[in-house]
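The block underneath contains the structure these notes are about, expressed in structure tokens.
Naming convention: chains lettered A, B, ... in sequence-line order (proteins, then strands); numbering from 1 in each chain.
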Number of protein chains: 2
Amino acid sequence: MDLPSSAGKKSVTVKRILKAAASVFSESGFSGARVDEIAKRAGVNKATIYYHIGDKEKLYAEVISNVIGNTAEMIAGKIKGIRDPEEKLRVYVRTFARNIDDNPQVAPVMMREVASGGEHLPEVVARDIFHIVNMLRGILKEGVEKGIFIETVPFLIHIMVMGAMVTYKTSAPIRAKYNWLPAGIKKLDDKISGTIAGEIENLILRAVTK
Amino acid sequence: MDLPSSAGKKSVTVKRILKAAASVFSESGFSGARVDEIAKRAGVNKATIYYHIGDKEKLYAEVISNVIGNTAEMIAGKIKGIRDPEEKLRVYVRTFARNIDDNPQVAPVMMREVASGGEHLPEVVARDIFHIVNMLRGILKEGVEKGIFIETVPFLIHIMVMGAMVTYKTSAPIRAKYNWLPAGIKKLDDKISGTIAGEIENLILRAVTK
DNA sequence: GTGGTATAACTAACTGGTTAGTTCATTATC
DNA sequence: GATAATGAACTAACCAGTTAGTTATACCAC
């Protein structure tokens with residue numbers, strides 16, 4: 001019924017369904033999301049979703065691929081031209097930060113996906129994430145070979161960066177809710193790219209640099 | 001984690017309900033969890049849950065307080081006797097790791113709670129988490145004053161440690177699922193306390209130490 | 001260019017299984 | 001026998017997925 005998402009041939013209706021689905025799933029998770037609500041936000045009849053895409057699972061898989069599907073490619077592109085491993089690492093962090101800022105659904109969707117043990121995670125997406133970690137491993141290895149980085153566990157570095165950013169982003173509404181929180185926490189910027197990413201960048205570089 | 005029988009006035013039935021609820025909620029999240037399933041695992045009739053505790057929300061709040069409720073106290077206790085900020089920071093990380101290992105429900109529950117913007121987070125628990133970050137701030141400040149740490153954003157350090165550990169723990173089933181993952185990632189220990197916590201400890205210390 | 005037909009896109013209304021929460025009778029305990 | 005605790009059965013609401021039909025457009029034969 002649906003075409004592989006490679007060709008950008010999606011109709012306006014399909015795009016609207018996917019956009020609505022992304023926002024509902026990111027707010028409520030898979031089981032919390034209501035197909036009726038998605039239909040309502042997309043401004044289509046529920047049956048239209050089943051006509052164009054398929055059942056709830058299929059819809060979710062489509063959304064998740066769309067939302068965290070091409071991060072690896074983006075990072076690879078940004079890193080390509082750079083020589084210095086240190087700068088590569090900085091760009092790695094920055095690109096991630098930008099990606100999370102630009103796609104607000106990524107963070108909560110990814111968190112819940114991990115929390116559920118990848119219950120609904122399409123293998124393609126798992127491979128994409130592995131690809132990202134692998135790039136990081138390349139960067140770190142190169143740094144070690146050039147004598148500027150210490151030996152580390154790339155996967156750990158990855159989840160420290162990722163974990164921090166994703167938690168930072170998703171915790172924003174919680175931080176906003178409680179007035180008794182001190183300014184130091186409450187006043188932190190909502191955007192990651194910028195001050196926060198810069199801070200994380202520096203911390204990670206200090207951690208891995210000889 | 002089990003309370004001494006003096007402090008815990010909870011009946012055996014209530015304890016069994018809370019234990020069952022914790023495991024179901026941590027597997028399926030709030031909306032994915034079924035009250036019938038909780039009753040079944042606890043070996044009680046569903047009405048017993050409503051008699052002793054209340055509705056699903058009440059039950060969830062009870063579980064969440066139980067599961068991440070007294071971490072602050074535990075950390076405070078462990079840190080009390082220590083002078084050296086560096087060692088305090090190490091203990092901070094280690095205690096957290098231990099806590100996550102000992103209570104396997106903590107990580108997924110916390111992740112989903114953050115992902116949902118604290119939708120069901122009891123304020124008591126939010127205050128507890130803030131208390132933890134505040135302790136970390138104290139440690140870091142002390143280190144800065146003694147001239148051994150650089151200035152950092154405590155909240156960021158906290159979510160780097162936390163994010164990494166929680167992600168590490170919950171990603172275990174995903175890492176186990178895919179056989180195409182290289183040994184370097186697949187062979188990582190499931191327990192955090194030990195090698196992993198040690199590695200995180202070192203990274204964080206390198207990051208904040210002058 | 002008119003009538004006929006096929007097809008894609010969509011909808012209102014329905015179905016049947018599921019599930020949170022209730023009721024009330026029954027059992028155990030003191 | 002009064003109170004606390006539990007069980008079996010029920011109900012009302014909810015919700016994923018279906019059905020049967022409508023509209024719009026394109027295509028084709030004559």
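Note on A:Thr48: a base of the nucleic acid sits closer than 4.0 angstrom, heavy atoms only. Residue contacts shown for B:Ala39 are absent, as no nucleic acid heavy atom lies under 4.0 Å away.
Contact annotation: B:Arg34 does not reach the phosphate of C:dT18 (side-chain N/O to OP1 or OP2, under 4.0 Å). Between A:Thr13 and C:dC10 there is a side-chain polar atom (N or O) within less than 4.0 angstrom of OP1 or OP2.
With hydrogens and angles ignored, no donor-acceptor pair closer than 3.5 Å exists between the side chain of A:Asp55 and the base of D:dA16.
The distance from atom NZ of A:Lys40 to atom P of D:dA16 is 14 Å, rounded to the nearest whole Å. A:Tyr50 has its OH atom 22 Å from the P atom of C:dA8, to the nearest Å. Nucleotide C:dA9 holds its P atom 13 Å from the CD1 atom of A:Ile53, rounded to whole Å. The separation between B:Leu59 atom CG and C:dA20 atom P is 11 Å, rounded to whole Å. Atom P of nucleotide C:dA12 and atom CD1 of A:Ile49 are separated by 13 Å, given to the nearest angstrom. Separating the OH atom of B:Tyr60 from the P atom of C:dA20 is a distance of 15 Å, rounded to the nearest angstrom. Here the C1' atom of nucleotide C:dT19 and the CD atom of B:Glu37 are 13 Å apart, to the nearest Å. When the P atom of D:dA9 is taken as reference, atom CG of B:Asp36 falls 14 Å away, rounded to whole Å.
Judged by distance alone, with hydrogens and angles left aside, the side-chain atoms of A:Lys186 form a donor-acceptor pair with the main-chain N or O of A:Arg175 at under 3.5 Å. No donor-acceptor pair under 3.5 Å is formed between the side chain of A:Ser171 and the backbone N or O of A:Ile174. Proximity of a side-chain donor or acceptor of B:Lys177 to a complementary backbone N or O of A:Gly118 within less than 3.5 Å is detected.
Listed nucleotides D:dG17, C:dC10, D:dA8 differ in distance to A:His52; the shortest reach to its side chain belongs to C:dC10. For A:Asn45, the side-chain atoms get nearest to C:dT11 when compared with the rest of C:dT11, C:dA20, D:dA16. Of the candidates D:dA16, D:dT19, C:dG21, D:dT19 carries the atom nearest the A:Ala47 side chain, counting heavy atoms from C-beta on.
Side-chain contact check for A:Met111 versus A:Thr167: some heavy-atom pair is nearer than 4.5 Å.
The aromatic rings of A:Phe155 and B:Tyr168 sit tilted, their planes meeting at an angle between 30° and 60°.
Both B:Tyr51 and A:Lys56 sit near DNA chain D, but only B:Tyr51 has its closest nucleotide nearer the 5' end.
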